Amino acid sequence: MRSTGIRRTLVALGVGALALTACGSDGDDAADGTTRITVNCMPPKSAKVDRQFFEDEIAAFEKKNPDIDVVPHDAFPCQDPKTFDAKLAGGQMEDVFYTYFTDARHVVDINQAADLTPYVKELKSYDTIQQQLRDIYTVDGKIYGIPRTGYSMGLIYNRDLFEKAGLDPDTPPATWDEVRTAAKRIAALGDGVVGYADYSAQNQGGWHFTAELYSQGGDVVSADGKNATVDTPEGRAVLRTLHDMRWKDESMGSKQLLVINDAQQMMGSGKLGMYLAAPDNIPILVKEKGAEYENIAIAPMPGGKATLVGGDGYMFSKKATPEQIRAGLKWLDHMFLTPGDGFLGDYARAKRNDAPVGLPEPRLFTGAADAKDQQVKEANANVPVENYQAFLDGNQKLEMKIEPPHAQQLYSVLDGVVSAVLTKEDADIDQLLKDASGKIDGILSRS
C-alpha cells in the first residue's frame with residue numbers, strides 16, 4: 001500500500017512552474033544519436049514547487065548528458081493499481097517506470113521487466129543502498145529494479161491533547177494496552193475529541209490490520225506464501241483491541257469506515273489523539289489540514305515486535321534497449337540517489353522553499369553516503385526533530401516487514417473484517433477470521 005504519495009516530497013507553495021527545456025515524443029534513439037527515455041512519476045501541475053524542481057533537475061541532467069533526452073510523463077498517484085497491469089500488458093509503460101516494493105516480483109513474473117544485472121555496475125550509487133532494499137528488487141539472483149525511498153509505520157499523536165489528558169507527550173504509548181489507556185483518557189476530554197482512529201474502507205483497513213498484526217508478532221501469509229495466517233491468537237488480539245476500544249471504551253468515536261483523509265482531517269483540526277501512519281503524513285497535516293509541526297509527534301509502532309515497511313523504486317521496460325537502460329540508470333543516480341543533491345536530496349533547496357527537512361525516514365544509504373545524507377539533512381532541518389526521536393530510536397528495535405504478496409487483494413478481504421468489528425458490536429471475531437482465512441487461501445492458490 002502506498003503511504004501518501006511521493007516520498008520525501010517538497011511541498012507545493014505556489015511558485016510558478018518552470019518550462020521544461022527538453023521534451024520530445026516517445027522513442028529510443030534519435031537520428032542525431034540522442035538516446036530518448038520516457039519516465040513517469042512526474043509531480044502534477046498542482047504541486048507547483050515539486051514540479052518545478054523535477055523539471056529543473058531534468059534540465060540539469062540533460063545539460064550534463066547532452067546525448068540523453070528525458071521525456072517525463074505526468075502521473076499522480078505515481079501508480080494507479082487499476083491501470084498498472086493493463087499498461088504493462090499493452091506495452092504502454094514508460095521505459096523507466098515507478099513501482100511500489102510489492103510490485104517487483106509480480107512485474108518479473110509476468111515477464112515485463114528488463115534484467116538490469118549486466119548494467120547495474122554503471123549505477124554509481126547502487127552499492128551504497130541498504131542491502132535489504134536492494135533485495136526487494138532482486139529475483140532469483142537477478143536485479144530488476146532500483147529502490148528510491150522507503151517508509152515505516154508508526155503512531156502519530158497530538159502532543160497538546162496528551163497534555164490536556166494528563167499524559168506525558170515525551171513518553172508515548174509503547175504497547176497496545178497503553179494505546180488503549182491513552183485513547184480512553186483523551187476521548188474523555190469530550191467536545192468531539194476522539195482518542196484513536198483507524199481506517200476500515202478502500203483497502204486501507206486491511207493495510208492497517210496487517211500493520212497491527214505485524215506489531216503483535218503475527219503475519220498475514222505463511223513464509224512460503226501458500227497459506228493465510230490471520231486466524232491466529234495475534235489476529236484475534238488485533239481485532240479484540242479494536243472492538244473493545246470502539247465499543248467498551250468508546251474512545252474511537254461513532255463515525256467509522258474511515259480512510260486516511262478522514263484521520264488527517266481529524267488530527268489537523270485538533271480532534272484526534274492518535275492514528276497509525278508513516279512520517280510523510282506530518283507535512284500534510286501541517287500544510288493541508290491546519291496542524292502545527294510543534295504539536296505533531298510520532299512514536300514507533302506499539303507492540304515492540306515489528307512494523308510494516310514499504311516504499312518505491314523504478315523498474316525498466318522489457319522493451320528498453322541497452323542504451324536506454326544505461327541512460328535511465330544515470331538519470332536515477334542524478335534525480336534520487338545522490339546524497340545532498342538531486343530532486344530528493346537537495347535539502348538546502350527544500351529549506352529555502354519552506355519545505356520540511358528533518359522528518360524521520362528509514363535510511364536509504366549506508367556508509368559514507370549515509371553519513372553525508374544525514375549531515376546535510378541535519379544542517380538544514382527546519383522541523384522539531386525532537387518530536388520524532390522516539391520513533392527513530394524505537395524503530396531500531398523492531399523487525400522491518402514488507403507488505404504481503406497480492407497485498408491489495410488481501411487488503412480487500414481484510415477490509416471487511418475490520419469494518420465489521422468497528423460497525424457491529426456483536427461481530428463474531430472468530431468467524432470473521434475463519435472466513436477471511438479461507439478467502440485468502442483461495443487468492444494464494446490462484447497465484
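The figures here come from the full heavy-atom set of this structure, side chains too, leaving out hydrogens, waters and symmetry mates. Bear in mind that the values here come from a model prediction, so they are computed numbers and not experimental data. Positions are given from 1, in the same order as the sequence printed here.
Looking at residues two or more places apart in sequence or on another chain, you find no side-chain hydrogen bond (donor to acceptor under 3.5 Å, both in side chains) involving S317. With sequence neighbours excluded, no residue forms a salt bridge (charged side-chain N to carboxylate O under 4.0 Å, His left out) with D262. With sequence neighbours excluded, the residues satisfying side-chain hydrogen bond (donor to acceptor under 3.5 Å, both in side chains) with S215 are W176. Residues forming a side-chain hydrogen bond (donor to acceptor under 3.5 Å, both in side chains) with D441 (at least two apart in sequence, or on another chain): none.
The existence of a salt bridge linking K164 and D160 is confirmed by a sub-4.0 Å separation between a basic side-chain nitrogen and an acidic carboxylate oxygen. The pair E94-K87 counts as a salt bridge, with a side-chain nitrogen and a carboxylate oxygen less than 4.0 angstrom apart. R159 and D170 are joined by a salt bridge, as a carboxylate oxygen and a charged side-chain nitrogen come within less than 4.0 angstrom of each other.
Side chains of D198 and H208: a donor on one and an acceptor on the other come within 3.5 Å.
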Practice task
Show your reasoning for whether salt bridge (Lys or Arg N to Asp or Glu O under 4.0 Å) applies to E425 and K248.
Solution key: CA-CA 9 Å; E425 186 172 4; K248 291 185 178 180; over 6 Å; no
Exercise for the section: Take Y157 and F162 through the ring-ring contact (aromatic ring centres under 6.0 Å, His included) test and state the conclusion after the steps. Expected result: CA-CA 8 Å; Y157 64 98; F162 264 59; 4.8 Å; yes
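Among residues at least two apart or in separate chains, there is no salt bridge (charged side-chain N to carboxylate O under 4.0 Å, His left out) pair with a member in residues 99-116. Annotation: side chain to side chain donor-acceptor pair (under 3.5 Å) contacts involving residues 333-344, sequence neighbours excluded, comprise E57-H334, K64-H334, S125-D333.
For F343 and W331, the ring centers are positioned 6.0 Å apart or more.
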